[in-house]
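Just the heavy atoms: all of them, side chains too, but no hydrogens, waters or symmetry mates, feed the values below.
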Amino acid sequence: MTATLPDAPPAAPAPSGRWRRHRTGVVVALFLLLAVAVAYLSTGGATGQDAPFDPANAGADGAQAVARVLADEGVDVDVVRSADELAEAGPGADDLVVVTSTERLGASSTRRLLDDAAGAGIVVVDPAPELLQLLDQDYSSGGVATGSAITADCDAALYDGLEIEVDDATGMPGDGCFDDALVTTTTSDGQLTLLGAPDLLTNDQVLRADNAAVALRLLGQRDRLVWYVASYDDLVADDGVDFTSLVPDWVGPGLAVLLLATLALVAWRGRRLGPLATEPLPVAVRAIETTRSRGRLYRRAGDRAHAAATLRAASRSRIRALLRLGPASDEASLVRDVARHVGRPEAEVGDLLATTGRVPGSDRDLISLANALAALEEEVRRT
């Protein structure tokens with residue numbers, strides 16, 4: 001009986017070459033679309049700003065909660081993000097202008113702010129020392145202790161009995177509330193308020209102590225609030241930051257005092273150099289003494305081979321001078337010329353002058369070698 005196997009299912013058609021070439025790009029595109037969709041859904045489709053104290057920032061350091069509560073309480077909150085938009089908003093005497101991102105203000109944008117908001121109330125949030133100088137205000141009075149709640153310590157009924165609690169605060173110039181962290185002064189163009197405790201506006205600290213009440217009373221005094229978020233785009237070339245604008249004023253005088261102190265120390269402790277003085281040597285050593293001392297050293301060391309090599313080298317140098325041979329002449333030529341000049345065998349002269357000559361075995365042999373070399377030099381000189 002023969003069993004028949006069922007027919008195998010037909011093979012799936014192979015993907016086309018075009019799909020194989022483009023499937024990686026399609027997968028990447030689908031992944032990017034999915035990422036964009038997730039980001040859109042997670043942010044609710046909003047294009048919020050992430051700058052600190054921004055009214056559209058829903059993060060911990062944003063001020064969206066305060067802006068929305070002010071709008072719910074009937075305050076017309078108009079957010080502008082450039083100097084041109086601020087000029088178009090046209091804040092008047094019945095309006096209040098709050099300025100955040102003040103680190104982006106320069107000399108030109110500050111002048112435009114004061115001109116465009118002339119007559120209106122201005123609240124400057126967290127001004128830096130450079131901005132205080134541009135606003136014709138003194139420097140800040142330093143940090144404020146923020147370990148506990150700060151009670152209002154001014155005569156303004158607006159903040160009577162309220163307390164603020166923030167992580168950081170700076171005292172502003174002048175007499176104000178909350179240890180001078182909130183100072184209001186009257187200028188020729190209107191009212192100027194300096195807020196040195198900006199954290200009371202943030203979403204994560206607005207509910208601490210009476211921060212919310214202080215923020216609403218500060219920014220909700222008038223029916224219209226123009227919220228100006230400063231921008232670097234409003235700066236001009238003259239607003240460029242240089243090194244001198246980044247260092248405190250005391251650095252220059254401090255460096256001058258340090259330089260003077262250094263010069264005084266150099267003048268006090270520096271070595272005073274006089275004219276050069278010549279001093280005679282205490283002892284005059286004759287050349288023969290040096291030679292004898294070196295010979296004694298050789299004798300004490302027992303190095304007769306080195307002593308013999310020194311004697312032969314000195315004799316070769318003197319004989320070359322007598323025969324008017326240059327220092328470049330080799331040793332074999334010197335031995336041959338000397339032997340011919342004095343009429344001695346080359347082997348005998350080579351044993352005396354060459355570096356391959358016999359090494360003295362005793363002091364007597366070394367003395368004999370010295371005498372023989374001296375006799376050879378004298379013989380060369382005579383002939």
With a 3.5 Å cut-off and no angle check, do the side chains of Thr355 and Arg312 form a donor-acceptor pair? no
Do Ile367 and Val359 land in one hydrophobic cluster if side-chain heavy atoms of ILVMFWY residues count as linked below 4.5 Å? no
Do Val124 and Val226 sit in the same hydrophobic cluster, where Ile, Leu, Val, Met, Phe, Trp and Tyr count as joined when their side-chain heavy atoms come under 4.5 Å apart? yes
Set out, in order, the CA-CA distance, both residues' side-chain angles and the distance that settles side-chain contact (heavy atoms from CB on, under 4.5 Å) for Asp337 and Leu325, then state yes or no. CA-CA 10 Å; Asp337 292 342; Leu325 298 176; 3.9 Å; yes
Check this for me: Arg318, atom CZ, are more than 12 non-hydrogen atoms of other residues, nucleotides or ligands nearer than 6.0 Å? yes
Give the C-alpha distance, both sets of side-chain angles, the deciding distance and a yes or no for side-chain contact (heavy atoms from CB on, under 4.5 Å) between Val166 and Gln205. CA-CA 7 Å; Val166 293; Gln205 299 188 40; 3.8 Å; yes
Is the count of non-hydrogen atoms from other residues, nucleotides or ligands lying under 6.0 Å from Arg68 atom CZ greater than 12? no
Do Val80 and Trp227 belong to the same hydrophobic cluster, where Ile, Leu, Val, Met, Phe, Trp and Tyr are linked whenever their side-chain heavy atoms lie under 4.5 Å apart, directly or via other members? no
For a quick test of reading the model, state the closest non-hydrogen atom pair linking Asp363 to Arg304 and the distance between them. OD1-NE, 3.0 Å
Does Ala65 offer a backbone N or O that forms a donor-acceptor pair with the side chain of Asn203 under 3.5 Å? yes
So does His306 get a backbone contact from the side chain of Asp303, meaning a donor-acceptor N/O pair under 3.5 Å? yes
Within 6.0 Å of CG in Asp115, more than 12 heavy atoms from elsewhere: yes
Answer yes or no: is there a donor N or O on one side and an acceptor on the other, between the side chain of Ser315 and the main chain of Leu311, under 3.5 Å? yes
Chi angles and distances behind the side-chain contact (heavy atoms from CB on, under 4.5 Å) call for Met172, Leu182: CA-CA 7 Å; Met172 294 290 106; Leu182 194 155; over 6 Å; no
Strictly distance-based, threshold 3.5 Å: is any side-chain N or O of Gln221 a donor or acceptor partner for the main-chain N or O of Leu218? yes
Close side-chain approach of Ser109 and Arg111, heavy atoms under 4.5 Å: no
Please tell me if the side chains of Arg320 and Ser329 come closer than 4.5 Å, counting only heavy atoms from C-beta onward. yes
From Asp95 CG over to Asp223 CG, what is the distance, rounded to the nearest 0.5 angstrom? 8.5 Å
Arg381 with Glu378: basic N within carboxylate O range, under 4.0 Å: yes
Is the side chain of Asp180 donor-acceptor paired with the backbone N or O of Gly171 at a distance under 3.5 Å, no angle test? no
Heavy atoms of other groups near Asn371 CG, more than 12 under 6.0 Å: yes
Assess, by modelled atom type and distance only, whether the side chains of Arg296 and Ser293 contain a donor and an acceptor separated by less than 3.5 Å. yes
For Ala120 and Val97, work out which heavy atoms get closest and say how close. CB-CG2, 4.4 Å
side-chain contact (heavy atoms from CB on, under 4.5 Å) between Asp153 and Cys177, intermediate numbers included: CA-CA 5 Å; Asp153 52 357; Cys177 293; 4.2 Å; yes
Let me confirm one number: the CD1-OG1 distance from Ile164 to Thr151, rounded to the nearest 0.5 Å. 9.5 Å
Counting heavy atoms not belonging to Asp204, are there more than 12 under 6.0 Å from its CG? yes
Closest non-hydrogen atom pair between Leu323 and Val380, with its separation: CD2-CG1, 3.8 Å
Quick one: which of Val75, Asp76, Val98 gives a side-chain contact (heavy atoms from CB on, under 4.5 Å) with Leu70? Val75
Does this structure show an ion pair linking Arg224 with Asp78, if we count only N-O contacts that are shorter than 4.0 Å? yes
Is there a side-chain contact between Leu135 and Leu114 in this structure, where contact means two heavy atoms from C-beta onward sitting under 4.5 Å apart? yes
Pair Arg208, Asp167 - check salt bridge (Lys or Arg N to Asp or Glu O under 4.0 Å), show working. CA-CA 11 Å; Arg208 295 170 61 178; Asp167 293 339; 3.0 Å; yes
Are Val183 and Leu96 in one and the same hydrophobic cluster, where Ile, Leu, Val, Met, Phe, Trp and Tyr link if side-chain heavy atoms are under 4.5 Å apart? no
Side chain proximity check, Val99 to Val125, heavy atoms < 4.5 angstrom: no
Is Glu346 paired with Arg340 through a side-chain N to carboxylate O contact shorter than 4.0 Å? no
Partner of Arg112 by side-chain contact (heavy atoms from CB on, under 4.5 Å), out of Leu105, Asp84, Leu86: Asp84
Whether Arg344 side chain and Leu376 backbone form a donor-acceptor pair below 3.5 Å: no
In one Ile/Leu/Val/Met/Phe/Trp/Tyr side-chain cluster, 4.5 Å: Leu134, Leu195: no
With heavy-atom distances below 4.5 Å as the criterion, would you say the side chains of Thr100 and Asp54 are in contact? no
Side-chain donor-acceptor contact under 3.5 Å, Asp199 with Thr202: no
Less than 4.5 Å apart, side chain to side chain, heavy atoms only: is that true for Leu113 and Tyr228? yes
Heavy-atom pair of closest approach, residues Gln137 and Leu192: NE2-CD2, 3.8 Å
Assess the side chains of Thr184 and Thr193: does a donor N or O sit below 3.5 Å from an acceptor N or O? yes
Please evaluate residues Ser368 and Asp365 with respect to the criterion side-chain hydrogen bond (donor to acceptor under 3.5 Å, both in side chains), reporting the C-alpha separation (whole Å), side-chain torsions for both, the decisive distance (0.1 Å), and the verdict. CA-CA 5 Å; Ser368 298; Asp365 294 340; 5.2 Å; no
Can a side-chain donor-acceptor contact be found between Glu165 and Asn211 if the only test is distance below 3.5 angstrom? no
Sidechain N-carboxylate O distance under 4.0 Å for Arg81, Asp234: no
Report yes if the side chains of Phe178 and Val214 come closer than 4.5 Å at any heavy-atom pair, otherwise no. yes
I want to check something: taking the side chain as every heavy atom from C-beta on, are Ile122 and Gln191 in contact at a cut-off of under 4.5 Å? no
Separation of Leu353 CG from Glu348 CD (nearest 0.5 Å): 10.5 Å
Nearest atoms (heavy-atom pairs only) where Asp116 meets Ala83: OD2-O, 4.0 Å
Counting N and O atoms only, with roles assigned by atom type, does the side chain of Asp179 sit under 3.5 Å from a partner on the main chain of Ala181, one being a donor and the other an acceptor? no
For the residue pair Ala157 and Arg217, what are the closest heavy atoms and their distance? O-NH1, 4.4 Å
